[in-house]
Amino acid sequence: MAEDLRARLKNCLSNDELKLIRAFDVIGDIAIVKLPEPLLPKKHLIGKALMEVQKNVKTVLNQVSPVKGEFRTRELEVIAGENRTETTYRESGCDFKVDLAKAYFSPRLATERLRVARLVKPGEVVVNLFAGVGSYSIIIAKHSQAARIYSIDINPHAFEYMQTNIRINKVGDRVVAIHGDAREVVEKELAGRADRVLMPLPELSRDFFDVALKTLKPTGGVIHFYDYGEEPDIFGPSTAFVRIKAAERGFEATILGARRIRSYATRCYHIVLDVGLKPVG
Ligand code: SAM
């Protein structure tokens, strides 16, 4: 995709500028680019060219801040097309309405979401501690026979979109949207309920691992622990962390799977550990 865009811009940008054109995400009918400083004077031209090579794109947004803050959102500016940040995106047979400025969403996790959904066994109770607009939870509902999927997010906009997405995908009988802080919600209503817990927010996984353990049934279960790992020992520190913390709380941890999801920075990866937990003794 970036190659087509570079070809389109061949006569408008210098060779050095062309080298700065990188891959971009398309979410529904919106494209998101991250233009480096030297390309900013040409942002409208680049946005327009992108719409010409991607005919389905109606809006091009430039990401002007990193993903940040409690809600994991980013600042976006419209550089071409319609003035909006809301779109509908289709993934694994599900439709998601999302406002890219108000709630976190990444199409780059599509493979991982479906992978986890396929691990869920009939009758399981799943708790998603950091659910965003409900993508994991709804894909799990569509692709498994989970009994219930409790789906928590602290961002009121993400929660609203999650409710909408549950309705659009007709999974309201099994996906329960909950607005609030995952720690408080678990303390209040979900302790000891889950067969499987998802923690898709690497920045908070370690702080909330005790919450995930508390969410599991007393007989144990599985936690999908998202983290960052660095070469050369990509999974080692995360594995040591979950083993030690589980043992402190009377669980034995077994690593059922370890996966790199995507590259995050030089030699650093967004990773996931599938951790089986059993009470000791
Ligand atoms: N799982 C989502 C997906 O696949 O699209 C992405 C989730 S996003 C990386 C992390 C989410 O965690 C954000 O929507 C943010 O609002 C939420 N969050 C942050 N702190 C939280 C907390 N203490 N309790 C519940 N949700 C929280």
Side-chain angles (χ1 to χ4, degrees), residues 25 27-28 30 32 63 65-74 85-92 94-120 126-143 149-166 168-169 171 175-191 194 196-212 214-215 223-228 259 261-262 264 270-272:
D25 284 335
I27 303 162
I30 295 184
I32 302 185
Q63 178 171 331
S65 81
V67 171
K68 60 182 170 64
E70 189 177 41
F71 298 165
R72 310 304 299 150
T73 47
R74 54 197 152 175
T85 50
E86 190 186 79
T87 188
T88 301
Y89 163 83
R90 195 163 172 79
E91 178 182 311
S92 298
C94 305
D95 292 309
F96 297 101
K97 209 169 184 182
V98 57
D99 189 319
L100 299 164
K102 291 184 181 161
Y104 179 91
F105 186 79
S106 173
R108 297 187 187 195
L109 298 174
T111 307
E112 173 60 12
R113 289 191 271 258
L114 190 57
R115 182 189 78 86
V116 170
R118 288 185 169 146
L119 294 173
V120 175
V126 179
V127 174
N128 185 352
L129 296 179
F130 309 114
V133 300
S135 6
Y136 271 95
S137 307
I138 291 166
I139 289 171
I140 288 173
K142 282 277 184 182
H143 291 269
I149 303 129
Y150 295 98
S151 204
I152 309 165
D153 204 283
I154 201 164
N155 175 353
H157 301 294
F159 171 69
E160 258 178 52
Y161 278 98
M162 179 155 48
Q163 286 181 307
T164 303
N165 291 328
I166 289 170
I168 294 175
N169 292 286
V171 289
V175 182
V176 182
I178 304 172
H179 177 221
D181 168 60
R183 183 176 293 278
E184 287 171 18
V185 172
V186 167
E187 296 281 357
K188 234 189 286 164
E189 53 186 302
L190 293 177
R196 187 177 298 271
V197 180
L198 274 57
M199 312 186 74
L201 177 52
E203 288 77 6
L204 283 190
S205 286
R206 290 177 183 234
D207 288 349
F208 277 68
F209 190 61
D210 64 319
V211 178
K214 218 176 266 176
T215 314
I223 295 177
H224 298 283
F225 181 81
Y226 292 84
D227 203 359
Y228 293 112
R259 232 189 125 232
I261 298 173
R262 57 178 167 168
Y264 176 74
H270 181 185
I271 62 163
V272 59

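Every number for a ligand or one of its atoms is a count from 1 in the order of the listing. Computed from a predicted structure; not experimentally measured. Just the heavy atoms: all of them, side chains too, but no hydrogens, waters or symmetry mates, feed the values below.
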Which atom pairs, nitrogen or oxygen on both sides, join ligand 1 and the protein at under 3.5 angstrom?
residue  : atom   : partner : partner atom : Å
ligand 1 : 1 (N)  : F130    : O            : 3.2
ligand 1 : 4 (O)  : R113    : NH1          : 2.6
ligand 1 : 5 (O)  : R113    : NH1          : 3.3
ligand 1 : 5 (O)  : S135    : OG           : 2.9
ligand 1 : 14 (O) : D153    : OD1          : 3.3
ligand 1 : 14 (O) : D153    : OD2          : 2.7
ligand 1 : 16 (O) : D153    : OD1          : 2.7
ligand 1 : 23 (N) : D181    : OD1          : 2.6
ligand 1 : 24 (N) : A182    : N            : 2.9
ligand 1 : 26 (N) : I154    : N            : 3.3

query: Above 12 or not: heavy atoms from other molecules or residues under 6.0 Å from CZ of R118?
result: no

Residues that R74 engages under salt bridge (charged side-chain N to carboxylate O under 4.0 Å, His left out), provided they are two or more places apart: none

task: Scan residues 176-186 for pairs that pass side chain to side chain donor-acceptor pair (under 3.5 Å), counting only residues two or more places apart or in two chains.
output: R183-D210

query: Does the distance from a Lys or Arg side-chain N to an Asp or Glu carboxylate O, for E86 and K102, drop under 4.0 Å?
result: no

field: Main-chain N/O of G132 paired to D153 side chain as donor or acceptor, under 3.5 Å
entry: yes

- prompt: Taking only residues two or more places apart in sequence or in another chain, which ones pass side chain to side chain donor-acceptor pair (under 3.5 Å) with N169?
  reply: none

